[in-house]
Structure formats: C-alpha cells, structure tokens
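Notes follow the structure.
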Amino acid sequence: MPLRLYNSASRRKEVFKPIENGRVGIYVCGVTVYDLCHIGHARSAVVFDVLVRYLRARGYGVTYVRNFTDVDDKIIERSKRTGVDTATIAERYINAFYEDMRALGVLDADVEPRATEHIDDIIDMMRRLAEKGVAYAVGDTVYFSVEKFDGYGQLSGRRLEEMVAGARIGIDEKKRHPMDFVLWKGAKPGEPKWESPWGEGRPGWHIECSAMSCRYLGENFDIHGGGRDLIFPHHENERAQAMAANGVNFANYWVHNGFVTVESEKMSKSLGNFITIKDALELYHPQELRLFLLSKHYRSPLDFSPAALAGARSGLIRIYRTLQRLEETVGPYRGSTKGRMAPFLARSDGDNLKNHFVRVMDDDLSTAGGLGLLFEKVREINRCLDSSLPRKDTRAQLMKERSDLLDCGKVLGLLEEEPSKFFEEIIETPPELDAEEIEGMVQERNTARIARDWTRADAIREELFKRGVILEDAPGGTKWRLKLEGSAKSLEEEGD
RNA sequence: GGCGGCAUAGCCAAGUGGCUAAGGCAGCGGUCUGCAAAACCGUUUGACACCGGUUCGAAUCCGGUUGCCGCCUCCA
C-alpha cells in the first residue's frame, strides 16, 4: 500500500512517488528569528518531524532541509527598537528555537540553512530571472514580474485578475503590475546589506527559500512544506521564482499544516492570543504537548485549551502506566526509543499493530488514527497483564507487543521516556515526605491491615493522600506513587 | 467583495459509499478489593449541522441553507 499525501497544489490526496526511487527531498519553511516561537510554530515543526520520521520508517532515505530566515523587516525593526544588531537578534532566537525543538523532541533537519549564508545563491537566481526578463529593477528595488510567469496563481488557486480586484493592499506605483513582488530591497542607512548587481541591499523574503531549496535538493524536488498561511503569497512566489529561473517544475508535493487556534481563532502574533513554547513547557510536559499536537489531523485546525491538554495528559499517563506494568512483568525495554528512525515498517506484513499503523499513517499521515491504534494496543496489553495466564507463555508475546508499541510511538516522537522518569517529570510539586517516611507509614498501615484495623489503615491512607501520595494494594504488596498535581481535574478547574 | 476549509455523542477526535460509526477524556454501573486505587467489562435512549438530490444503499458523492474559521497584508 502506497503512502498518500494531500497535495495543496492539486487540492487532493495523491499517491506519493518520489523523483528518485527510495529517496525523498523535503524542504520546510522554518521560522523568522525575531521572537520566541509559539505553539503554532511547534505544531508545524512536530508535524513535519513526524512526516520525516515516518518516511524514514517506511524505508526512504530522506534529505530534510529546514531554513532560518535571519534577515527581514521584522528583525530590522526589532533591532532598531532595541538597539541590538540584527545578527545578535537572529542568533538569540535561533538558539531559543533549538531549545524549544529539543524539548519537544523535534529532531534536527539534515540541512538548516540561513538566508544570510546564501546571498550568492540568491543573487545567482535573480540574475537568471533578470536575463529572462522576469525581473526588473526600479531604482534600488528589484521586482518579480508576475505577468511573465504563466503559472502564477496555480498553487494557491487564484487568478491574477481576481487577486487584483480583491486586493486590500495599497498599490505600489513603482510596480508594473500590482501583484509584482520584491526580490531585492535597497538598504537604508544602518540596515544590513550585501553587494549585488543592483546595488547594496538585502533579499526579499520569498527568494531565499527558492534559492536554498534548489541549492540543497535540486531544481525539482519532492516535498515542500509549511504552515497553511504560507501558501499565499510566500509559496506561490517561491514557486514562481524557481520555475521561472530554472524552467522546470519546483516541488512535486506541497504539504501544509493547519493552524493552532485559541477559542477557534488563529493563534498569531498580531492577534496577541499566542502562547510561547517556553510558557507552555512551564505548564505542560513536552510529551503531553506533543501528544496534543498530534491528536488531530495535521491539516485541520487544532484548538488549544487547558482542557484539551488535560486530556492529552490523562491519555499519556494511561499509556505510561501500562509501560510501567510491562517493566514490572517483563523487565526494562532494551531497544531505542529516541533519535532517528530505522526503517522498521518497510517489509512487515500480517495482522499486527505496525501494519495497522502503516495503513492509517499512509492515509495522509493520520496521526490521530495512529494514536487510536496505540490506545487499543494498550488496552489489549492490560487485558493480558490482568489475566492469570501462565507467565511463560505470555512473556515473549508481551515483549513483542511492547516493542511494536514503542516503535510506533517513536514515529510519533512519543513514549520516549522510561516510565519512572516520565512520572517523576510530570509531578509538579515535590512530595512533602521522603521515601523512607512513606515506607514507614505504609508498613504501619499494613500492620493495621493484618490486624484488620480498617479504620486505622484508612486513616493512614487518607493522611498520605493529603500529603500527595496514592497507595495501591496490589497482589504483590502495597505500592505507592505520588499524586499528579497537574492531573486532568485540577487543570480543567484552572482553565475555566 | 473574491477564493478556500470545517461542522461526528457531555468534551476531544478517527472514519469519507455497504458488517454492531475507531480511540481518548469525563460521568455512571459492574468485576477485582476489607474499602479504595489501578486495570478490565459494560454504559451515556436514534453522535454524523439543516434541506434537497444521485444510489439498491450516504456521515461518506452532488446542489443549496445556516454557523464557525482561514487566505486575499507580515504570519507555522
């Protein structure tokens, strides 16, 4: 069964066929580094991280390119406001980006180019556009002439006339056509600048991605991704520039993720309704954020709310509890749960978790469907753990089930932690009691229980509960664990 | 104004022509337990926005209506 991806260019799901058999080139628009990233950026990063992981799991050799826009008007504006030079600002937010991504378990791309390091490639592409008469200069500004490129509007499904008619932007007198856009901008005093045949200045936003994607993946490559809001004008313009300059098709598949919303409205800087990844990580465990981000199909809007995150937390705890039970029964997991995907799904067949997982993920990367399968498997494992079948018969089976579960989890970048470590991390308040004290009280309670002094036993349990410890009387003896202060209930209360 | 997307139980969310419409969260009942917790089982009277159409058959396809959202300006 082939992988099918929704291609924004054709507005339908298409069977994915790479240009070169077994190899995939993918370019994803990264961030403009003028501020901290928010949950919307996190979604995009996580979605494409999963796409790349999944392609690798399916056996493809992937070259993943994700850029940084490190020169643009917003960075300059911030520099002017704060007095910090643009390079320092860019560096600061690139570092912040890496911190966020590593926390979220987003793996590095293979190539992470920066616009300022590719000015030569940009100028080279502009030169070709100028030679073909598609670019023109007015003073120190160079424009792309949309009328000279036949396919303009094909990606976003717009026609030039309609765009002009409905445009809300003021028309720039210097442009030959209202929809023409900037390739090169002359530098004002104090602004970052580079030499070019058209004078000192800096590249426009769109050209860097055309130049860098072609530089690392070739003029025609497989997948181009980014947020839905980039379709127009950014990706439309990127495509126009590259195709006009190179004369061949640009990206074969355009993959766009939907927005994170807050009360159904797009999370964005301009609306001010955003929550930064760093703020979110203060409140939520990275794995629960990640589970939340993958709980809905990547193209649909995803509403951010404390209740939704609480749901993600409860679900995650459920899975980790089962993993912990498995550890107690069959010992710790020996495989790798982190890092790059090995191609483990490529040749499996039969009626098992991995195959079901591939089936749903092949359908346009249905992470929500995949998660459903993981939960089904968890229940199945619990059922097996609950049953009193001879341990010897089930042991090997359980180990196999766990390894399948964790392999699928790894595609999603989930279930990476050892259960005990996860539970430690998710507890927000340190226990008021140390382990020794707790053990002592448990001992005392068990003495009371043996004497069938239930009142006393319950009082001790109640006391421990108040101090954040939950007891479980299992067949093998009494186990205790710390209460999760940020558990579903209290989070929900916080939210409303 | 132009173009596009979405609408599934108390909440979140898969499924996109055909067996009893995944899964999670929350609630309720049960099993287990001294009681709990966890887990398991069951359950939430007809869950597929509304109205038409196509079809033997539609949540799924087509048309229309309503509502919400997005892009058309920087935006993941």
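First the proteins, then the strands, lettered A, B, ... as listed; each starts at 1.
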Using the side-chain heavy atoms of [X], tell me which of these nucleotides is nearest: [options].
X	options	answer
A:Ser366	B:rC35, B:rA14, B:rG2	B:rA14
A:Arg158	B:rA37, B:rA76, B:rC71	B:rC71
A:Phe232	B:rG34, B:rA14, B:rC71	B:rC71
A:Ser264	B:rG15, B:rA76, B:rC68	B:rC68

Looking at every strand, decide which applies to [X] at a 4.0 Å heavy-atom threshold: base, sugar-phosphate, or nothing.
X	value
A:Leu230	sugar-phosphate
A:Arg383	sugar-phosphate
A:Val47	nothing
A:Arg445	base
A:Phe48	nothing
A:Glu472	base
A:Gly227	sugar-phosphate
A:Arg11	nothing
A:Ser156	nothing
A:His297	sugar-phosphate
A:Gly40	base
A:Gly225	nothing
A:Asn382	sugar-phosphate

Rounded to whole Å, how long is the line connecting atom [atom1] of [X] with atom [atom2] of [N]?
X	N	atom1	atom2	result
A:Asp303	B:rA76	CG	P	19 Å
A:Phe181	B:rU73	CZ	C1'	15 Å
A:Phe259	B:rC71	CZ	C1'	7 Å
A:Asp473	B:rG34	CG	P	9 Å
A:Tyr298	B:rG70	OH	P	21 Å

Side-chain contact, heavy-atom cut-off 4.5 Å: [X] with [Y]?
X	Y	value
A:Leu5	A:Leu51	yes
A:Met441	A:Glu437	no
A:Arg102	A:Asp108	yes
A:Leu482	A:Phe423	no
A:Met267	A:Phe259	no

Please report the distance separating the [atom1] of [N] from the corresponding atom of [M], rounded so that it comes out in whole Å.
N	M	atom1	result
B:rG17	B:rG23	C1'	23 Å
B:rA9	B:rA47	C1'	4 Å
B:rU54	B:rC62	C1'	7 Å
B:rU44	B:rA38	P	23 Å
B:rG10	B:rG5	C1'	27 Å
B:rG15	B:rU60	P	15 Å
B:rU20	B:rA14	P	24 Å
B:rU55	B:rG18	C1'	12 Å

Partner nucleotide of [N] by Watson-Crick or wobble geometry (both distances under 3.5 Å):
N	answer
B:rA58	none
B:rA21	none
B:rC6	B:rG67
B:rC32	none
B:rA38	none
B:rG27	B:rU43

N/O (side chain, [X]) to phosphate O (OP1/OP2, [N]) under 4.0 Å:
X	N	result
A:Ser295	B:rG24	no
A:Lys296	B:rA13	yes
A:Arg379	B:rC41	yes
A:Arg318	B:rG24	yes
A:Lys266	B:rC71	yes

Worksheet item: Is there a donor on the side chain of A:Arg43 or the base of B:rA76 sitting less than 3.5 Å from an acceptor on the other?
Response: no

- Item | Check: A:Asp458 side chain, B:rG34 base, donor-acceptor under 3.5 Å | yes

- Would you find more than 12 non-hydrogen atoms of other residues, nucleotides or ligands less than 6.0 Å from A:Arg12 atom CZ? no

* B:rG23 base stacked by A:Phe375 (centroids within less than 5.5 Å, tilt under 30°) -> no

| query | Which is it for A:Glu380 and A:Lys377 under the salt bridge (Lys or Arg N to Asp or Glu O under 4.0 Å) test, yes or no, and what are the steps along the way? | reply | CA-CA 5 Å; A:Glu380 205 179 292; A:Lys377 182 53 73 180; 2.9 Å; yes

Could you go through A:Tyr54 and A:Asp362, starting from their C-alpha distance and side-chain angles, then the distance that decides it, and tell me whether this counts as side chain to side chain donor-acceptor pair (under 3.5 Å)?
CA-CA 9 Å; A:Tyr54 185 62; A:Asp362 266 356; 2.8 Å; yes

side-chain contact (heavy atoms from CB on, under 4.5 Å) test vs A:Thr478 passes for just one of A:Glu439, A:Arg449, A:Arg461, namely A:Arg449

